[in-house]
Structure formats: C-alpha cells, structure tokens
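Have a look at the structure below, then the notes.
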Amino acid sequence: EITLGGNNDFSAAQGTGLEFIGFKTALSQDSLQRVQSYLAIKYGMHLAPDTDGDAVLGEAIGAYTEGDYVLSNGATVVWDYSANTAYHNDVFGIVQDDNQLLDQTSSTSFNTDSLVTVSTASSQDNQDALLIGNDNGNATTWTSTGAPTGYQIVARDWKVQETGDVGTVTLTINSRNPILDLPAITSNDEEMYLVIDNDADGVFTDEIPTLVYDDGTNGDLASGDGVYASTGVTLNNNYYFTVAQKTPSTPGAVSTGIRGWYKADEGVRGDAVAGFESATATNSIAGNTDGWIRGIDASANTINIAAQ
C-alpha cells in the first residue's frame with residue numbers, strides 16, 4: 001500500500017497526478033538529475049537550475065550542472081545549461097531514450113507563456129533529442145531591430161540544442177495564447193513568417209523568412225484559429241529562430257503614430273460605400289445611413305469621411 005502525504009495519524013493527499021516514482025533509498029545528485037530530466041522532458045516542465053535550493057544558479061553538482069537535461073545513460077546532456085544560460089526559459093523538446101521508455105514525439109512547455117510546439121520528427125531514433133529554450137524577450141510587439149530588411153520580428157528568439165539527428169520537424173506557433181499573445185499581424189499581406197538563423201551566428205538580418213500557415217495545410221490542423229504551423233522545418237544544433245511579419249506599408253514609409261490609412265482607390269466596401277478598409281490593416285470603419293463614413297481611431301477621436 002502506498003500513501004502520499006500522510007500516515008496512520010494524518011490524512012493522505014487528495015488529487016490527481018501524472019506519474020509517481022518511488023525509491024527505497026535516497027538518490028545521489030547524479031541519479032536525481034537524470035530522473036528529474038526524464039520528468040521535465042516528458043511533461044514539458046521547466047527544470048530549474050537550482051537543484052539544491054541554495055539560490056545559486058548553475059552550480060556543478062556531481063557530474064552535471066544544475067539545469068542540465070540528461071539522458072538515462074548518464075553521459076548524454078541534451079540541454080547544456082552552461083551553454084544555454086541566456087535561453088534557459090520554457091525549455092521543452094522531443095527525445096527518444098529507449099532505456100527509460102521515453103519516446104516524446106511532440107512537446108511544448110508547460111509554462112503559461114508557452115508559444116511554440118515541436119513535433120513530427122522525420123528521423124527520431126534512440127538517443128536523438130531536440131530541445132528548445134528562449135531568451136524571455138518581449139514577444140508582444142513587432143520591431144525592426146535585428147530583422148531582415150522589409151520585415152519586423154518579435155524581440156524574443158528561441159535556441160535549439162540537437163543531439164543526434166531528428167531530421168525535419170513540424171513547428172507550431174500559437175499566436176493566441178491567453179496569457180501571452182503575440183502581436184496582431186498588421187502587415188498588408190496579413191501573413192506570419194518564421195525566421196531561422198541557418199548559420200547559427202545569432203543574427204537574423206541575413207536570413208530569408210518563410211511562411212507559416214493558418215489555413216489547414218503544411219502541418220496546420222485548423223484554418224483561421226490563430227495557430228500557425230510549418231512542416232519539414234530543419235532546426236540544427238545551435239540554430240536560433242523567431243517569428244516575423246512584413247513591415248506594413250505606410251505613406252512616405254512613416255509608421256510612427258499612424259492610426260489608419262483610408263484610400264478611395266483601395267479597400268472600399270460596397271458600391272454604396274459600406275465602409276473603408278484601412279491600408280494599414282488597423283481601424284477599418286463602417287458606413288452610416290446619413291451618408292457619412294465614421295470611425296473611431298485609437299485616441300478615441302471620431303473621424304468623418306464623406307461618402308460621395
């Protein structure tokens with residue numbers, strides 16, 4: 001009989017759990033690191049780099065460093081905290097480790113601000129692994145800083161550590177996380193892009209963005225749900241990636257403070273001018289029965305455009 005959180009004098013714990021592991025003796029630091037790595041990988045649970053609880057991060061404990069993710073053979077470190085310290089946030093990944101019956105083929109971080117899922121490796125074999133962490137940068141606004149020409153990126157990027165060769169993968173990006181939304185797409189083509197640092201130098205300006213899809217194709221499961229996907233993605237060891245949109249076109253390429261851009265030769269809805277679509281993909285306005293088109297801009301100032 002196993003009782004959790006109690007004995008004959010105290011009531012047992014109430015609730016549910018995903019997995020319980022018991023040992024009759026205390027584990028060594030090395031053994032504990034391997035068991036915790038197994039659980040962290042399987043359930044997308046971030047492995048904190050403070051195993052001994054002394055508030056000093058990334059210490060050498062036994063054969064490993066706090067925060068390392070280690071396979072069952074004790075020799076293979078599939079996420080090296082020392083090499084990835086700046087990216088040790090929301091760590092998750094796919095792994096096959098036959099010795100501990102671990103075959104994780106799809107993974108996302110358990111943390112509430114998780115945005116990315118990796119799955120469907122084309123060549124995942126025993127001892128293969130692909131783990132991903134991020135730098136915890138701002139993922140709620142677009143910026144041109146560090147972006148390829150003609151694009152804007154979020155200031156959060158993700159880093160990959162690959163062990164062995166998992167082949168290509170499907171990468172899924174949830175733009176509608178209820179805790180941490182990616183910024184709305186405001187580009188004229190209304191598309192999202194993936195930017196991969198293919199030369200592993202940490203620079204995106206020399207890379208070519210590729211489309212990710214929200215149309216039920218290319219690994220996307222449901223059209224129009226705000227979850228974008230791309231299949232056949234190559235993420236080699238030490239690659240970085242982020243998400244992007246094309247830089248919105250604006251008059252004179254001046255975008256600071258723009259609230260709308262309404263043109264009679266584009267974006268007009270209906271023969272009787274039922275409304276205008278903003279050329280900046282924001283603040284579209286609808287018609288009224290008195291012959292005026294009215295809209296409210298982001299500063300709550302009413303704008304009136306005569307419908308001729």
Side-chain angles (χ1 to χ4, degrees), residues 18-19 21 30-47 49 62-111 114-135 157-173 194-202 210 212 218-221 229-242:
L18 295 172
E19 189 164 345
I21 304 171
D30 290 355
S31 296
L32 181 62
Q33 192 86 1
R34 297 200 302 273
V35 173
Q36 289 181 333
S37 295
Y38 160 81
L39 291 170
I41 292 168
K42 187 171 182 178
Y43 299 107
M45 299 171 66
H46 181 76
L47 188 58
Y64 313 114
T65 299
E66 293 174 312
D68 286 351
Y69 288 62
V70 187
L71 295 190
S72 62
N73 62 13
T76 305
V77 177
V78 294
W79 180 260
D80 184 339
Y81 176 78
S82 298
N84 299 307
T85 302
Y87 290 84
H88 196 78
N89 298 288
D90 309 327
V91 178
F92 65 99
I94 53 176
V95 175
Q96 182 172 332
D97 187 353
D98 294 347
N99 194 45
Q100 56 181 341
L101 303 179
L102 179 62
D103 188 13
Q104 195 68 30
T105 59
S106 178
S107 181
T108 190
S109 171
F110 183 79
N111 292 351
S114 173
L115 298 170
V116 177
T117 299
V118 63
S119 64
T120 323
S122 65
S123 180
Q124 182 171 316
D125 301 309
N126 187 36
Q127 300 291 301
D128 286 346
L130 189 147
L131 268 69
I132 299 170
N134 71 75
D135 63 357
D157 52 279
W158 288 260
K159 185 181 180 184
V160 175
Q161 180 171 335
E162 184 182 30
T163 302
D165 182 9
V166 303
T168 62
V169 297
T170 295
L171 208 60
T172 305
I173 300 164
L194 177 67
V195 189
I196 299 176
D197 173 27
N198 290 296
D199 49 10
D201 63 357
T210 57
V212 287
N218 295 278
D220 180 54
L221 299 179
S230 182
T231 191
V233 176
T234 298
L235 293 175
N236 289 336
N237 190 45
N238 289 326
Y239 273 20
Y240 302 81
F241 66 88
T242 190

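For this chain, numbers begin at 1 and follow the sequence in order.
Remark: the Gln127 side chain and the Asp125 side chain contain no N/O donor-acceptor pair separated by less than 3.5 Å. Tyr43 and Glu19 form a side-chain donor-acceptor contact under 3.5 Å, judged by distance and modelled atom types alone.
The closest side-chain heavy-atom distance from Val233 to Thr168 is not below 4.5 Å. Proximity of Asn111 to Phe92: side-chain heavy atoms (C-beta onward) are nowhere separated by under 4.5 Å. In this structure, the side chains of Thr170 and Ser119 come closer than 4.5 Å at one or more pairs of heavy atoms. Looking at Asp68 and Ser37, their side chains never come closer than 4.5 Å, going by heavy atoms from C-beta outward. No side-chain heavy atom of Asn238 sits under 4.5 Å from any side-chain heavy atom of Asn236. Between Lys42 and Leu18, every side-chain heavy-atom pair lies at or beyond the 4.5 Å cut-off.
Applying the side chain to side chain contact (heavy atoms under 4.5 Å, CB included) rule to Ala129 yields the partners Val78, Val95, Leu131, Thr163; only residues at least two apart in sequence or on another chain are considered. With sequence neighbours left out, Tyr240 forms a ring pair (Phe, Tyr, Trp, His ring centres under 6.0 Å) with Tyr87.
Open room surrounds CG on Leu221; 12 or fewer heavy atoms of other groups in view lie less than 6.0 Å from it.
Here the rule is side-chain contact (heavy atoms from CB on, under 4.5 Å) with Trp158, and of Val118, Val116, Asp135 only Val116 fits it.
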